[in-house]
Amino acid sequence: MAKAPEVKVEDVTKVVYSDVRKGRQTIVSDLSVVFRSGKSTALLGHNGAGKTTSIKLILGLVRPTRGKVMIDGEAVGPEQRRRIGYMPEVNRIPLVLNPLEVLRFHLAAYNPPHLTKGKGAIDSLIEPALRRVDLWEHRLKRVGKLSKGMARRLAWAQATIHDPDLLILDEPMSGLDPVGRMAMRDWIQEYRKSEKTIILCSHELATVGELCEEVNVLRKGQLVYSSGSAVAEGNVAAKGAYQISLSGVDEKTLQLLRSKQGLPAWSALHHHGFLARMVLPGYAEAAAWMQAALAQSLLVTEFGPAPLIDPDDLLKFFAKEY
């Protein structure tokens, strides 16, 4: 299996002249960011921060005014685009087509190298893709007649059917009900296991914390936060870390309990009113705290793997003014 690509955006500036009254507008300014091979990376920012333009630059849909975008050291061209799967926030699928026609056209356009030629070979990929997103029974229904949730599931099938090794997801949870959201989360988690490169745009910080290993935040077209600074500040949980939440305790109580019981040190401690949440290096350390807490009749409200990126820390940073 080919190594997943690395995407580099180097000193990119994008200037547009879309409005005569406003004149020259700089959408992205001196942006340099790396989306590492085989990693799931979040791209965040307020509305108008430059996220969509950055995605278009990576897709090769627009050209930078200055700077360059490289996929594995090469400028974005037809061969690089064949390696990309893209799920936009708003579906741009012709409403008169049905899911079968959409996926047939998509495969014909991408022409993935592993695909055997012929209609039979194409259809052999389409049926499992539609069954996976529960759309096989709706394969002949026009896209215009699909619910928004169904359309989002079709967009996932379209983005992944050619097995891309660079997957770009723009607000993948948009329009999904709770069941659909859980399914989408599971699909993304499964795709992560294949060690493909994933770029995820989302306003849902909890989703980012659960699905992404690295994060980059844009503001007014500039990079203002990166996973590198998150690691330096201790805002990224180590792989394999666990968390435990206790109700009705403060830091002084926890320090005293730790001293008396000889409990392991926490990597991070967060307070939310009467709730304290500790991040521990691993399961064994968290289990020791669980045992001690139960012995002291403390109320444990949460126990499990810690998110790679803490949503609370990210929210504090995301809300800052620069």
Side-chain angles (χ1 to χ4, degrees), residues 40-44 47 51 55 85-95 97-104 106-107 123 125-164 167-213 215 237 242-243 245 272 275 277 301-312 314-315 318:
S40 177
T41 304
L43 183 64
L44 305 179
N47 293 333
K51 302 187 302 298
I55 289 174
Y86 175 47
M87 182 178 177
E89 180 179 4
V90 179
N91 296 329
R92 302 294 186 185
I93 302 172
L95 302 182
L97 299 182
N98 62 47
L100 276 178
E101 293 168 330
V102 169
L103 296 187
R104 280 177 186 157
H106 182 81
L107 286 171
D123 287 349
L125 294 179
I126 291 175
E127 180 173 350
L130 288 178
R131 286 192 182 279
R132 179 163 184 74
V133 296
D134 294 325
L135 286 179
W136 181 247
E137 301 303 320
H138 304 279
R139 62 190 181 278
L140 299 180
K141 184 181 292 186
R142 290 186 177 184
V143 170
K145 299 295 183 180
L146 298 178
S147 68
K148 187 173 183 180
M150 289 179 178
R152 295 305 285 161
R153 286 186 272 140
L154 176 59
W156 170 266
Q158 183 181 12
T160 59
I161 191 172
H162 60 292
D163 192 29
L167 182 61
I168 301 176
L169 306 173
D170 193 357
E171 296 292 348
M173 305 294 181
S174 176
L176 294 175
D177 60 24
V179 174
R181 294 165 68 88
M182 287 189 292
M184 183 66 68
R185 180 196 61 198
D186 291 343
W187 296 334
I188 297 173
Q189 289 283 31
E190 184 175 342
Y191 216 83
R192 286 181 61 205
K193 294 177 182 177
S194 64
E195 298 185 348
K196 305 293 181 71
T197 303
I198 300 175
I199 300 174
L200 172 65
C201 293
S202 176
H203 286 110
E204 300 180 17
L205 301 186
T207 298
V208 168
E210 184 178 7
L211 297 176
C212 296
E213 300 159 277
V215 61
Y242 265 68
Q243 64 184 9
S245 295
H272 307 272
L275 190 69
R277 180 164 59 85
T301 63
E302 183 180 29
F303 181 87
L308 293 167
I309 301 170
D310 191 284
D312 299 318
L314 192 54
L315 179 60
F318 195 74

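Nothing fancy with the numbering, it's 1 onward along the sequence. Remember, predicted model here, so these are calculated numbers, not experimental data. No hydrogens, no waters, no symmetry mates; every other heavy atom, side chains included, goes into these values.
A distance of 7.5 Å separates CG of Leu44 from SG of Cys212, quoted to the nearest 0.5 Å. Expressed to the nearest 0.5 Å, how far CG of Leu103 lies from NE2 of His106 amounts to 7.5 Å. Here Thr41 contributes atom OG1 and Leu43 contributes atom CG; the two are 9.5 Å apart, rounded to the nearest 0.5 Å. Atom CG of Leu125 and atom CG of Leu107 lie 6.0 Å apart (nearest 0.5 Å). Between the NZ atom of Lys141 and the CG atom of Asn98 there is a distance of 11.5 Å, given to the nearest 0.5 Å. Considering NE2 of His138 and CG of Leu154, their distance stands at 11.5 Å, rounded to 0.5 Å.
Scanning for side chain to side chain donor-acceptor pair (under 3.5 Å) contacts around Arg131 gives Glu127, with sequence neighbours left out. Applying the side chain to side chain donor-acceptor pair (under 3.5 Å) test to Asn91 and every residue at least two apart in sequence or in another chain returns Arg152. Not a single side chain to side chain donor-acceptor pair (under 3.5 Å) links Glu137 to another residue, sequence neighbours left out. Applying the side chain to side chain contact (heavy atoms under 4.5 Å, CB included) criterion to Ser147, with sequence neighbours excluded, gives Met150. Taking Glu89 as the reference, nothing meets the side chain to side chain donor-acceptor pair (under 3.5 Å) condition, with sequence neighbours excluded.
Relative ring orientation between Trp156 and Trp187 is described as parallel, the plane-to-plane angle staying below 30° on a 0-90° scale split at 30° and 60°.
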Handout entry: Check against side-chain contact (heavy atoms from CB on, under 4.5 Å), Thr160 and Arg132
Key = CA-CA 11 Å; Thr160 59; Arg132 179 163 184 74; over 6 Å; no

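Contact detail for Ile161 and Ala129: the closest heavy-atom pair is CD1-CB, 3.8 Å.
Contact of the Leu167 side chain with the Met87 side chain is not registered, since no non-hydrogen atoms from C-beta on lie closer than 4.5 Å. Two residues are said to be in side-chain contact when any heavy atoms from C-beta on lie closer than 4.5 Å; Leu100 and Ile126 meet this criterion.
Looking only at distances, a side-chain donor or acceptor of Ser40 sits under 3.5 Å from a matching main-chain atom of Leu211. At distances below 3.5 Å, not a single donor-acceptor pair connects side-chain atoms of Glu210 with backbone N or O atoms of Thr207.
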Under 3.5 Å, which donor-acceptor pairs link side chains of residues 171-185 to any protein atom two or more places apart or in another chain?
unit_1	atom_1	unit_2	atom_2	d
Glu171	OE2	His203	N	2.9
Glu171	OE2	His203	ND1	2.8
Asp177	OD1	Val179	N	3.2
Asp177	OD1	Gly180	N	2.7
Arg181	NH1	Glu204	OE2	3.2
Arg181	NH2	Glu204	OE1	2.6
Arg181	NH2	Glu204	OE2	3.4

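Applying side-chain contact (heavy atoms from CB on, under 4.5 Å) to Arg153 and the options Val133, Leu130, Leu146 leaves one that passes, Val133.
A cation-pi contact, defined as under 6.0 Å to the ring centre and within 45° of the axis, links Arg139 to Trp136.
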